[in-house]
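Data block below; observations after.
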Amino acid sequence: MDNVRRIPHPSADQDGLTRTAPHDAEAEDYVAGVIMNDRAAYLECARLITREDIYQPGHRAIWDAVTGMVAENKQLHPVTVRAELEKLKRLREVAGGDLILRLGYETVPGVMAPAFAERIADVARIRRHDEYANKVKAAILAGATAEELDKLTDSHRQQEERRTTAGQGPSHLTAAFLDWNEHFATDFGNVQLLPGQLMAPGQQITVVGDGKAGKSLLVQEWLWRMASGQSFLGDRPQAPISVLYVDAENGHADIQERFLSYGAGPGRMGLLTYASFPPIRPLDTAGGGTDLLAMVGDAEAQVVCLDTVSRFISGPENDADTWLSLYRHTLLPLKRAGIASIRLDHMGKDGERGARGSSAKTQDVDHVWELRAHGGGTLTLKRTHTRTGIGPDSFVLLRQARRDGNHYLPGATRHVLMEHEQIEPAEGSVDWLIAQIDRLGLPDDAGNPRTKAALANANIPARKEKIEAAVRARKNRTNRVPREVPPTLPETGSPGESPNDQGGTAKPQVKHSPGTPGEPTGNPGSPPPPPSNKRGVGEGEAATQAPEATETPLCTVCETPLTGYRRDRGYDTHLGCDPETGSHPDRPDHGHQTDEHHGAA
């Protein structure tokens with residue numbers, strides 16, 4: 001082949017878009033080798049670098065395995081590291097184990113590890129600047145505007161600042177100190193809620209619902225629209241937000257069918273990264289928290305969703321320690337990094353008590369949203385717990401969907417807002433049963449036997465568990481205390497109190513049916529009638545002239561005048577009128593409220 005003339009190839013394009021990113025392969029070899037043998041060396045390196053600083057995928061897999069083993073106090077050795085990677089189904093990333101054999105048995109002393117880790121950190125910073133420059137060049141070639149380039153610059157700066165804030169060693173501890181001048185100069189009241197107005201950036205929420213309510217169906221559409229920059233629930237569109245959806249509940253066929261029904265598809269997924277049945281360790285362990293944070297980092301996610309949270313824990317669901325460990329190992333690091341999280345959870349057997357399991361579930365979240373289906377595609381999404389109070393407290397939704405047999409049609413599924421007046425409880429539901437009981441005129445504290453008998457006499461069929469749920473709900477609405485109870489007015493005791501008890505906080509009054517032991521016989525606790533124009537009719541005190549005529553406030557439910565202490569203390573409904581259900585007595589005597597009408601006031 002000596003007579004073949006070789007044609008020189010042009011040199012590679014060195015515009016930064018095609019060349020290998022900066023990294024120090026030799027330093028990464030030494031660090032990956034030594035940490036498989038020396039726990040102290042790993043801890044020293046972890047003060048200087050994170051997994052994102054390591055460029056080579058195989059070395060990064062070794063780092064992940066050792067991180068989990070150290071957190072779980074396991075013995076380190078190349079053999080045990082290989083076994084850990086095999087359990088995680090990641091051996092392919094280390095060439096079937098050959099990389100571990102090459103690095104783990106020819107290593108440097110542990111005291112030298114920090115020097116190589118510092119080298120990795122320095123080159124990683126250069127690499128991040130290089131990646132940023134490449135993005136800018138690619139954007140310019142694609143015709144980006146000056147505003148779009150500014151956004152790239154701002155994003156790069158924020159990521160570098162975040163790394164500084166979450167730095168390694170003692171600096172990451174002192175970074176938690178508040179700068180008071182900057183802190184009080186920040187307008188926290190000006191919060192831009194995420195699309196849909198269910199949460200703010202960086203917050204953590206739980207969406208609870210029955211198995212048939214369609215939690216995944218709602219949240220999947222919400223997060224896809226968020227990731228693709230679309231509006232949701234009437235909210236205005238925002239720039240696409242990077243989302244990681246971690247799913248251990250839905251099969252691949254279901255996922256494909258659902259997203260197609262929302263209108264998604266190839267080229268229309270936006271910034272949504274979907275992890276289906278990922279082999280991560282339990283999230284109530286240190287290793288599991290490390291795994292999820294690694295996934296969040298790779299996806300560059302600003303929002304992460306766990307569907308369903310009970311699939312990602314190893315401890316008992318009724319044990320508070322399980323949820324405290326989940327917060328400590330997984331949710332706290334996410335919150336510290338400013339990453340919002342959404343947890344889907346199942347309703348307990350008693351739907352009135354919210355999610356199943358320990359009450360510790362709700363201690364660490366900013367909001368708890370309960371999703372309930374009412375038939376006919378009508379849904380209610382109600383916030384039952386909140387730490388901040390930011391945003392709306394409830395939504396009434398309509399699930400619009402078309403099916404061909406058991407399959408959703410493409411582009412035909414959507415959740416939209418629905419006016420409250422349009423809601424008609426489905427026949428046979430608990431809400432429908434409550435309305436029937438109200439129409440029968442039973443008091444709110446009527447028990448199961450009395451309610452069952454009244455329904456039977458009216459020929460209204462209902463299952464035992466539905467009746468019991470309706471009875472609980474009616475009793476709960478009676479005992480509900482107003483959000484803001486005005487202080488006791490001077491020289492005016494609470495209804496049912498003696499003059500000597502004046503000056504304390506008014507206790508909530510409960511409506512009781514006649515003859516029940518809720519309050520002493522002969523003392524219904526009704527407020528005194530309003531002052532009369534005639535003198536000498538006052539009870540227990542000298543009669544006074546009627547006050548000058550003023551505009552009388554109306555009840556927001558039945559739209560009739562408020563009287564007595566409920567008017568004087570700023571209430572906007574009669575005691576027997578329920579603002580949530582709109583129910584009220586048919587013919588109330590508002591001038592003299594009694595047990596038959598608005599109950600003991």
Side-chain angles (χ1 to χ4, degrees), residues 35-36 39 42-43 46 50-52 54 57 60-76 80-91 93-94 166 172 204-207 243-250 273-346 355-358 360-365:
I35 64 174
M36 287 191 285
R39 176 188 179 91
Y42 165 80
L43 294 175
T50 66
R51 68 181 304 277
E52 287 77 17
I54 301 174
R60 187 180 292 183
I62 292 173
W63 178 274
D64 290 343
V66 173
T67 298
M69 295 175 69
V70 169
E72 297 173 8
N73 202 27
K74 294 182 179 179
Q75 186 67 38
L76 292 179
T80 59
V81 173
R82 185 189 188 282
E84 185 73 12
L85 286 169
E86 184 175 13
K87 184 174 69 175
L88 297 174
K89 295 181 172 55
R90 299 183 65 181
L91 268 183
E93 299 177 40
V94 291
H172 83 283
Q204 299 183 344
I205 71 169
T206 295
V207 178
V243 176
L244 172 64
Y245 198 108
V246 187
D247 189 352
E249 190 85 14
N250 302 290
T273 301
Y274 206 101
S276 179
F277 299 99
I280 61 176
R281 288 166 285 190
L283 298 184
D284 54 339
T285 66
T290 300
D291 291 345
L292 182 63
L293 289 174
M295 296 171 65
V296 170
D298 284 344
E300 298 182 354
Q302 301 176 48
V303 178
V304 59
C305 177
L306 302 176
D307 184 2
T308 301
V309 66
S310 58
R311 307 291 188 189
F312 295 100
I313 58 173
S314 58
E317 195 170 354
N318 292 325
D319 192 341
D321 288 341
T322 299
W323 304 105
L324 296 176
S325 297
L326 173 69
Y327 180 75
R328 181 170 62 253
H329 294 305
T330 300
L331 301 178
L332 178 60
L334 288 175
K335 199 173 187 72
R336 184 184 295 126
I339 298 169
S341 65
I342 303 159
R343 292 145 50 181
L344 273 61
D345 202 358
H346 293 302
R356 71 189 187 191
S358 170
K361 281 183 174 183
T362 61
Q363 293 178 1
D364 58 84
V365 295

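For this chain, numbers begin at 1 and follow the sequence in order.
For the salt bridge (charged side-chain N to carboxylate O under 4.0 Å, His left out) condition, the pairs that include at least one residue of residues 61-71, sequence neighbours left out, are R51-D64, D64-R90.
Considering all non-hydrogen atoms of both residues, I280 and M295 come closest at CG2-SD, 3.4 Å. Closest approach of R281 to G68, counting heavy atoms only: NH1-CA, 3.2 Å. Residues A71 and A286 come closest through the heavy atom pair CB-CB, 3.1 Å. Nearest approach of A248 to F312, heavy atoms of both residues: CB-CZ, 3.5 Å. When all heavy atoms of L344 and Y245 are compared, the closest pair comes out as CD2-OH, 4.0 Å. Residues G297 and E52 approach most closely at CA-OE2, 4.1 Å, considering heavy atoms.
Interatomic distance, CG of L244 versus CD of E300, reported as 12.0 Å (0.5 Å rounding). The CE atom of M69 sits 10.5 Å away from the CE atom of M36 when rounded to the nearest 0.5 Å. Here the OG1 atom belonging to T308 is positioned 7.5 Å from the CG atom belonging to D345, to the nearest 0.5 angstrom. Of the inter-residue distances, the one linking D364 atom CG with R343 atom CZ reads 4.5 Å to the nearest 0.5 angstrom. Between the CD atom of E317 and the CG atom of D319 there is a distance of 11.0 Å, given to the nearest 0.5 Å. To the nearest 0.5 Å, atoms CG (L324) and CG (D284) are separated by 10.5 Å.
Taking the six-membered ring where tryptophan is involved, the planes of Y42 and W63 are tilted, since the angle between them lies from 30° to 60°.
Residues V243 and C305 have side chains not in contact (no heavy-atom distance under 4.5 Å, counting atoms from C-beta outward). You'll find the side chain of I342 reaches within 4.5 Å of the side chain of I205, heavy atoms only. Looking at heavy atoms from C-beta onward, R39 lies in side-chain contact with N73 at the 4.5 angstrom threshold. Counting heavy atoms from C-beta on, the side chains of E93 and L88 never come closer than 4.5 Å.
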Next on the checklist: Before you tell me yes or no, could you show the steps for Q75 and T80 under side-chain hydrogen bond (donor to acceptor under 3.5 Å, both in side chains), namely the whole-Å CA-CA distance, both residues' side-chain angles and the distance that decides it to 0.1 Å?
Outcome noted: CA-CA 7 Å; Q75 186 67 38; T80 59; over 6 Å; no
Item to check | Check against side-chain contact (heavy atoms from CB on, under 4.5 Å), L326 and T322 | outcome: CA-CA 6 Å; L326 173 69; T322 299; 5.8 Å; no
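Partner of V246 under the side chain to side chain contact (heavy atoms under 4.5 Å, CB included) criterion, chosen from T273, L306, D307, V309: L306.
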